[in-house]
Amino acid sequence: MPEAHAGLHLRVAQHAPIPLEAQIDCAPGETLALVGPSGSGKSTILRCIAGLHAAGEGRIVCGADTWFDTSAGIDRTPQARSTGLVFQSYALFPHLTALGNVTAAMSHRPPAERDRRGRELLHRVHLEGLEARRPAELSGGQQQRVAVARALARDPQVLLLDEPFSAVDQVTRQKLYRELSELRRTLALPIVLVTHDLDEAAMLADRMSILHRGRTLQTGTPREVRTRPADPLVASLVDVRNVFDARVVALAGGVRGLEWQGRLLEATVPSHFATGERVAWCIPMAGVRLKRRDRAAEPDRENPVDGQVSECVTLGEDTTLALRVDGLPAPLWLRLSTHIAERDEIRLGTALHVCLLAEALHVMPWRDAAEGTDP
Amino acid sequence: MDGTALVLSLQLASATVVLLLPVGLIVARALAWRRFTGRRWVEAALALPLVLPPTVLGFYLLVAFGAGSPLGQAFEALTGSTLAFSFAGLLVASLVVNLPFAIQPMQRAFEAIPDDVRAAAACCGMSPWRIFTRIELPLAWSGVLSAMVLTFAHTLGEFGVVLMVGGSIPGETKTISIAIYDRMQAFDASGAATMAAVLLACSLVAIAIAYSTSRPRVRTAA
């Protein structure tokens with residue numbers, strides 16, 4: 001007798017055609033983002049859930065229903081799984097109207113109800129008045145809304161979104177983000193969102209799962225994953241640039257810290273790391289703070305570091321700086337508001353004095369991030 | 001104007017279309033979406049009637065229909081008559097000759113349907129039959145219509161294979177193309193001209209229909 005799961009539970013593994021070794025859980029009302037680079041298996045996992053791809057082995061359970069279980073020989077067809085899938089291309093039926101697309105997914109309802117329910121769903125995604133239009137007569141954002149309405153038309157047990165915002169412009173995307181946020185508050189079903197955009201995942205998801213070469217490396221809240229990556233590979237995948245190696249040492253006063261390129265760093269070192277052990281550490285750019293010139297006389301805060309600006313990239317309101325620090329093979333990155341960079345006349349070659357906030361400094365097991373990256 | 005030959009040609013063309021349509025749909029869908037070993041060889045074999053001289057094709061069909069072949073023997077055992085030089089033989093030959101005309105337009109039309117659209121239909125809970133009737137067939141309709149029209153027109157105009165397999169038996173195997181040839185042999189140019197005009201008109205209409213329906217109905221969503 002299989003145990004009942006609330007929400008969606010997936011565990012799949014295979015060697016070919018795409019290697020997979022993934023496990024995800026998504027509770028009703030929760031949005032889980034699958035994040036990873038192209039080819040990391042995100043969409044394949046979504047297709048496994050929808051029944052469009054059968055993994056070599058594994059189990060997929062939604063609520064009390066087992067959809068896939070290789071040990072029990074269960075592999076239900078897409079028709080027998082109640083999923084609502086929004087494809088990256090939307091995959092609308094080009095010969096049907098918006099309403100026709102939505103009602104096409106309502107074979108489980110009596111024919112007399114379908115038209116009314118289809119109009120309700122189109123109203124819910126703000127497409128009232130466009131029911132008779134065909135996909136080619138709709139904008140990208142409108143097509144995406146039809147795809148969402150069609151996915152919901154099946155009264156699914158799980159909603160699957162495969163990079164649903166990748167084909168629309170930035171303005172439309174921001175609008176669709178807000179609409180999806182509103183919509184998910186009203187849906188008490190698990191939502192799995194595939195995206196390669198970390199900011200999108202952080203904005204829309206309750207938790208995110210980092211995927212690499214088909215493996216789920218870490219799952220947690222977006223803040224956890226981005227500030228406390230499990231290892232250097234996850235750090236590189238969530239765009240944490242400041243990843244270095246160090247050794248755990250005992251500091252004065254009986255506390256432990258890190259020895260990094262001849263410097264001693266204050267940090268919270270978890271107890272499972274032994275003193276003397278080689279570790280990796282990272283710090284988000286927001287954890288690298290610039291010491292203000294007008295307060296040059298104030299005592300150093302934790303972990304002072306001096307360096308010279310070796311790269312300066314201004315993108316709108318943010319300026320990203322690479323700081324070359326003596327003895328370091330890689331630069332230390334920090335981000336400032338552009339107006340501060342301009343006020344302090346920071347440019348290439350400027351000498352800077354920064355602090356590494358001990359609370360933002362995260363210690364990880366040592367592992368070369370390059371080991372896991374694509375050649 | 002040989003009315004009997006015209007009626008026989010129309011009967012042959014209609015029967016060819018009706019019988020080839022389901023076969024063509026099944027084969028075209030399989031070739032469009034299934035990946036199997038030897039697929040290219042199957043495609044090449046099905047396209048062979050396009051390039052093979054009609055006399056060569058007619059020769060092999062005649063051999064296959066003969067009393068010495070398993071097919072000819074089986075047909076004779078079942079019906080008591082021979083397959084060669086009969087309407088049934090002509091029909092079988094017509095089916096073989098028209099395979100590429102029936103399959104290729106349909107295959108191209110099915111190939112033009114994005115995989116995601118078919119997957120979306122399955123995720124919408126539609127049964128395979130419903131996906132075929134509600135999604136695939138409407139989207140591939142232009143290709144299916146082109147295939148039917150081309151097959152019909154090509155059967156009306158087929159000459160070499162018909163002459164090899166069926167000869168020229170009035171009311172049985174003498175089609176309008178053979179009748180035109182017979183009229184010319186008999187120096188009846190006006191009789192040949194009337195029938196040639198009928199065939200010309202049929203072909204023109206067929207090509208016009210095929211061209212007007214050849215615009216793809218599947219557009220990218222973006």
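All values derive from a computational prediction rather than experimental measurement. Letters A, B, ... mirror the listed sequences (proteins, then strands); counts begin at 1.
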Report the distance from atom CD1 of B:Ile113 to atom CZ of A:Phe93, rounding to the nearest 0.5 Å.
11.0 Å
To the nearest 0.5 Å, how far apart are CG in B:Leu137 and NE2 in A:His95?
9.5 Å
ring-ring contact (aromatic ring centres under 6.0 Å, His included) partners of residues 99-130 of chain B, not counting sequence neighbours, each pair once:
B:Trp33-B:Phe110, B:Phe101-B:His154, B:Trp129-B:Phe132
Specify the closest pair of heavy atoms between A:Ala91 and B:Asp116, including all atoms of both residues, with the distance to one decimal.
CB-O, 3.4 Å
Which atoms form the tightest heavy-atom contact between A:Gln79 and B:Pro128, and what is the distance?
NE2-CD, 4.1 Å
Which pairs count as side-chain hydrogen bond (donor to acceptor under 3.5 Å, both in side chains) when at least one residue sits in residues 11-22 of chain B, sequence neighbours excluded?
B:Thr16-B:Ser94
Count the heavy atoms of every other residue, nucleotide or ligand shown that sit under 6.0 Å from NE2 of A:His196, and state whether that count exceeds 12.
no
Could you have a look at A:Pro78, A:Gly51, A:Ser82, A:Ala50 and say which one has the most heavy-atom pairs with chain B under 4.5 angstrom?
A:Pro78
Pair listing, ring-ring contact (aromatic ring centres under 6.0 Å, His included) test, anchored in residues 96-152 of chain A, at least two apart:
none
Heavy-atom distances under 4.5 Å only: say whether A:Leu96 touches chain B with side chain, backbone, both or neither.
side chain
Pull out the residues in residues 146-156 of chain A that come under 4.5 Å of chain B, heavy atom to heavy atom, sorted by number.
A:Arg150, A:Arg154
State whether the number of non-hydrogen atoms from other residues, nucleotides or ligands found under 6.0 Å of B:Phe159 atom CZ is greater than 12.
yes
Roughly how far, to the nearest 0.5 Å, is the CG atom of A:Leu85 from the SG atom of B:Cys124?
9.0 Å
Decide if atom OH of B:Tyr181 counts as having more than 12 heavy atoms of other residues, nucleotides or ligands within a radius under 6.0 Å.
no
Where on A:Arg81 is there a heavy atom nearer than 4.5 Å to chain B: the side chain, the backbone, both, or neither?
neither
Positive for side chain to side chain contact (heavy atoms under 4.5 Å, CB included) with B:Cys123, one of A:Leu52, A:Leu160, A:Val86
A:Leu52
